[in-house]
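This report refers to the structure that appears directly beneath it.
Keep in mind the model is a prediction, meaning the values are calculated, not measured.
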Amino acid sequence: MSREKTRKHSLDIGEETAVSLFGIVTSEPVYKIALYMNPLLGISMKSSSPVEAAITDGRKTEFPRFADLSHLPDSWTAIVSNRHDNQFLLKKLRNVDLLLVRYPCETAEGAFTLTNSIREIKGVSAVFEIESGQLDPGTRELLYPLF
């Protein structure tokens with residue numbers, strides 16, 4: 001039997017790189033949104049390791065994540081489900097899934113184009129940018145060092 005080596009990617013996020021967090025309101029499961037977004041944005045999000053969080057009684061819950069890491073370290077895209085069974089990663093945003101995008105030199109026009117493209121996906125009701133200051137520090141630590 002051969003053992004596969006685990007490969008870790010560390011992301012050095014500098015001033016010339018932007019990480020944006022978007023909320024997506026949808027009735028569709030996160031895997032379908034990832035499938036719809038792939039051709040629309042020219043990416044290839046696939047099932048990735050889930051986000052683990054201790055939600056209640058110290059028990060860990062895993063929230064599904066789909067990611068495109070093909071352009072590391074310059075850019076990546078990931079979508080994380082905000083719910084698993086009856087648990088929520090962000091309780092304040094119960095009906096919102098999370099899209100994280102890292103790309104060089106963020107522009108307001110790029111974020112506007114991205115949100116408009118995602119709004120056209122079947123089943124998406126709304127897309128909005130979430131300022132990282134709106135998240136409590138524990139949630140920020142879970143989401144931003146994704147990889």
Side-chain angles (χ1 to χ4, degrees), residues 4-55 60-147:
E4 288 187 38
K5 291 185 178 182
T6 301
R7 185 176 296 183
K8 291 186 179 184
H9 300 280
S10 62
L11 301 177
D12 181 25
I13 299 174
E15 292 179 19
E16 69 281 350
T17 304
V19 177
S20 296
L21 175 63
F22 297 93
I24 300 176
V25 180
T26 180
S27 57
E28 298 288 341
V30 74
Y31 77 90
K32 280 190 178 180
I33 298 302
L35 288 174
Y36 293 144
M37 286 176 62
N38 283 339
L40 187 68
L41 302 177
I43 58 177
S44 181
M45 283 194 283
K46 298 174 184 154
S47 182
S48 185
S49 60
V51 173
E52 272 190 18
I55 301 297
K60 292 195 177 199
T61 302
E62 294 182 340
F63 296 90
R65 172 177 39 199
F66 292 81
D68 176 7
L69 306 176
S70 60
H71 300 291
L72 280 176
D74 297 328
S75 64
W76 50 259
T77 306
I79 187 167
V80 178
S81 178
N82 190 31
R83 58 194 165 275
H84 179 73
D85 294 333
N86 292 330
Q87 304 295 324
F88 297 93
L89 190 57
L90 298 175
K91 291 180 183 177
K92 291 180 183 178
L93 301 172
R94 292 182 151 230
N95 298 320
V96 177
D97 291 316
L98 308 167
L99 174 69
L100 287 95
V101 182
R102 178 185 189 259
Y103 46 92
C105 302
E106 177 185 21
T107 63
E109 184 178 305
F112 180 75
T113 303
L114 176 70
T115 56
N116 279 344
S117 296
I118 296 170
R119 281 185 187 112
E120 294 184 18
I121 294 173
K122 177 184 168 187
V124 172
S125 305
V127 180
F128 56 93
E129 192 161 6
I130 301 171
E131 297 294 324
S132 65
Q134 294 176 321
L135 302 175
D136 63 48
T139 305
R140 233 174 308 166
E141 289 172 17
L142 279 173
L143 293 176
Y144 281 104
L146 280 176
F147 309 104

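Checking side-chain atoms of R65 against main-chain N and O of V80 turns up no donor-acceptor pair under 3.5 Å.
Between E129 and S20, the closest heavy-atom pair is OE2-OG, 3.7 Å. The two residues N82 and D97 make their nearest non-hydrogen contact at N-OD1, 3.0 Å. Of all heavy-atom pairs between A78 and W76, the closest is N-CE3, 4.2 Å. Scanning both residues, E52 and E62, for their nearest heavy atoms gives OE2-OE2, 3.3 Å. Between P64 and V30, the closest heavy-atom pair is CB-CG1, 4.3 Å. The minimum heavy-atom distance linking A53 with F63 is given by the pair CB-CE1, 4.0 Å.
The side chain to side chain donor-acceptor pair (under 3.5 Å) search around D68 returns S70, not counting sequence neighbours. Partners of L41 according to the side chain to side chain contact (heavy atoms under 4.5 Å, CB included) rule, which considers only residues two or more places apart in sequence or in another chain, are M37, I43, L114, S117. Under the side chain to side chain contact (heavy atoms under 4.5 Å, CB included) criterion, V96 pairs with V25, L93, F128, not counting sequence neighbours. By the side chain to side chain donor-acceptor pair (under 3.5 Å) test, N116 is found to be paired with R119, residues two or more places apart in sequence or in another chain being considered.
Expressed to the nearest 0.5 Å, how far CG of L98 lies from CZ of F22 amounts to 12.0 Å. Going from atom OH of Y31 over to atom OG of S81 covers 12.0 Å, rounded to the nearest 0.5 Å. Interatomic distance, R94 CZ to L89 CG, rounded to the nearest 0.5 Å: 12.5 Å. Rounding to the nearest 0.5 angstrom, the gap separating the CD1 atom in I121 from the CD1 atom in I24 is 6.5 Å. Rounding to the nearest 0.5 angstrom, the gap separating the CD1 atom in I118 from the CD1 atom in I33 is 9.0 Å. Between the CG atom of L35 and the CZ atom of F66 there is a distance of 7.5 Å, given to the nearest 0.5 Å.
Considering only heavy atoms from C-beta on, L99 comes within 4.5 Å of T77 through its side chain.
For residues 22-31, the set of pairs meeting the salt bridge (charged side-chain N to carboxylate O under 4.0 Å, His left out) definition, not counting sequence neighbours, comprises E28-K32.
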